[in-house]
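Note sheet for the following structure.
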2 protein chains.
Amino acid sequence: MNLSSIQQEFVLHFGEMGSRWGINRTVGQIYAVLFLSNTPLNAEQIVEKLGFSRSNVSMGLKELQAWSLVRLRHLPDDRRDYFTTPEDLWEIVRILVAERKKREIDPTLSKLRELEMQSPDSDADRHAHERLSELRELIELLTGWYDDMNRLETERLKQLLSLGAKIQKLAGKADILSLVGRRKSSDKTPAEKEA
Amino acid sequence: MNLSSIQQEFVLHFGEMGSRWGINRTVGQIYAVLFLSNTPLNAEQIVEKLGFSRSNVSMGLKELQAWSLVRLRHLPDDRRDYFTTPEDLWEIVRILVAERKKREIDPTLSKLRELEMQSPDSDADRHAHERLSELRELIELLTGWYDDMNRLETERLKQLLSLGAKIQKLAGKADILSLVGRRKSSDKTPAEKEA
DNA sequence: CTGTAATTTCAGTTATTCTTGAAATGACAG
DNA sequence: CTGTCATTTCAAGAATAACTGAAATTACAG
């Protein structure tokens, strides 16, 4: 690895963490390099820094592009592809969450709804049906909250997160019950129309 | 697989999703079976339902126990181990988040802080240093918020999540800036007693 | 103790995923 | 077109991870 020790340590750690979250270790490392870099990098530069084969880097970049996690750039008078990560870390978080939601949460919600259509025909299945239903409700609550948060500007979002549980006190002062009453999980607009 | 079609579909889907989140597919399936089950199950019963080898199930259960995701039970006059998942889905979410934080987020924070100790000695490293610092701050903000939420009773938590962005309106009514000002991530008060 | 049922361990096998070099494709200046 | 550089694809090999059966260990009733 052709990286400063700070960078190398981070890259290795990030690759390791990525692999625990279902992301190929080398893809994680490629991302980490881009994340830390000053300037856009082309594939050859990543090869030099990480020592992977050219084709492996190519595949990693393709994967990262499929996740919208890197941006393709071009430099004047240079036909190679250069890549960067967004400057704004919150943008990165938004993209990551949006992609995982799209790929994993939404299909799971669809599956749960589909399974709930089938009516159970045994005690065991009745119980299973009930659990699936609770799970669906929980996911709907969380994704509904996510949709709300996702609409906020970053500064607002940071404010709300900083407030944390203190928001409770504010909520206590206001007419919380009427607001809660207006938004039961049953009258949320179905997630499918948000695509 | 010896499961009703509803159960089988969920188990397969869940195993698939698990594998995308860094969880061994069969471990995910074992969890799914327990999650849906009416009653506590022993290893042999899981073998029958899923068709894995006895030792594979044993290892899967061990893994799930290491994550505190299943609970060990004993039935009267039966020395076999029986397993269940918590009745309360929110409890499951809390455990999952707590474990992932402990295993992945906390070590990452430590690593970031450790790397920030080293002072950068090149432009590239100065930039990298800056990015690591931003990343640490972002994670600190998120984990601080998580700590706050985690202290709430489930009902309160659900209320806040249901409110979603509406909380903005409440925040607008109150003196939000003074509250925000009082809570820099460094001076969080220990037990916000609201419970 | 002894015998038996239950569980766990572990070395070897199998399956899956990752990585690579070589070849193919694409892009474009001359 | 043609030649060059950049990127991608792909089949084969390498590395990991998962799974198994057999043996070892544990737990406990008699």
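Whole-Å rounding puts the A:Asn56 CG to D:dG13 P distance at 18 Å. Here C:dC18 presents its P atom at 13 Å from CZ of A:Phe52, a figure rounded to the nearest Å. One atom, CG of B:Leu61, and another, P of D:dC19, lie 13 Å apart when rounded to the nearest Å. When rounded to the nearest whole Å, the span between CG of B:Asp78 and P of D:dC28 equals 12 Å. If you measure from atom CG of A:Leu64 to atom P of D:dT7, you get 15 Å, rounded to the nearest angstrom. The CZ atom of B:Arg20 sits 11 Å away from the P atom of C:dT17 (whole-angstrom rounding). When the P atom of C:dG12 is taken as reference, atom CE of B:Met59 falls 15 Å away, rounded to whole Å. Straight-line distance from the CG atom of B:Asp81 to the P atom of C:dA5: 17 Å, rounded to whole Å.
For A:Ser58, counting side-chain heavy atoms from C-beta on, the closest listed nucleotide (C:dT17, D:dT4, D:dT7) is D:dT7. Across D:dT7, D:dC10, C:dT7, the shortest atom-to-atom separation from the side chain of A:Arg80 is found for D:dT7.
The distance from the NZ atom of B:Lys62 to the OG atom of B:Ser55 is 12.0 Å, given to the nearest 0.5 Å.
At the phosphate of D:dC19, OP1 or OP2 sits under 4.0 Å from a side-chain N or O atom of B:Asn24.
Residue-environment remark: CZ (A:Arg73) stays at or below the threshold of 12 foreign heavy atoms within 6.0 Å.
The base of C:dG21 lies close enough to the side chain of A:Ser55 for a donor and an acceptor atom to sit less than 3.5 Å apart.
In terms of position on DNA chain C, the residue among A:Arg79 and B:Arg54 whose nearest nucleotide sits closer to the 5' end is B:Arg54. In terms of position along DNA chain D, the nucleotide closest to A:Lys62 lies nearer the 5' end than the nucleotide closest to the other residue of the pair A:Lys62 and B:Gly51.
At a threshold of 4.0 Å, the pair B:Glu140-B:Arg113 counts as salt-bridged, since one of the basic side-chain nitrogens sits closer than that to a carboxylate oxygen.
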- List the steps and the verdict of side-chain contact (heavy atoms from CB on, under 4.5 Å) for A:Lys49 and A:Leu36. CA-CA 12 Å; A:Lys49 282 176 195 284; A:Leu36 294 182; over 6 Å; no
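In terms of modelled atom types and a separation under 3.5 Å, the side chain of A:Gln45 and the main chain of A:Asn42 share a donor-acceptor contact.
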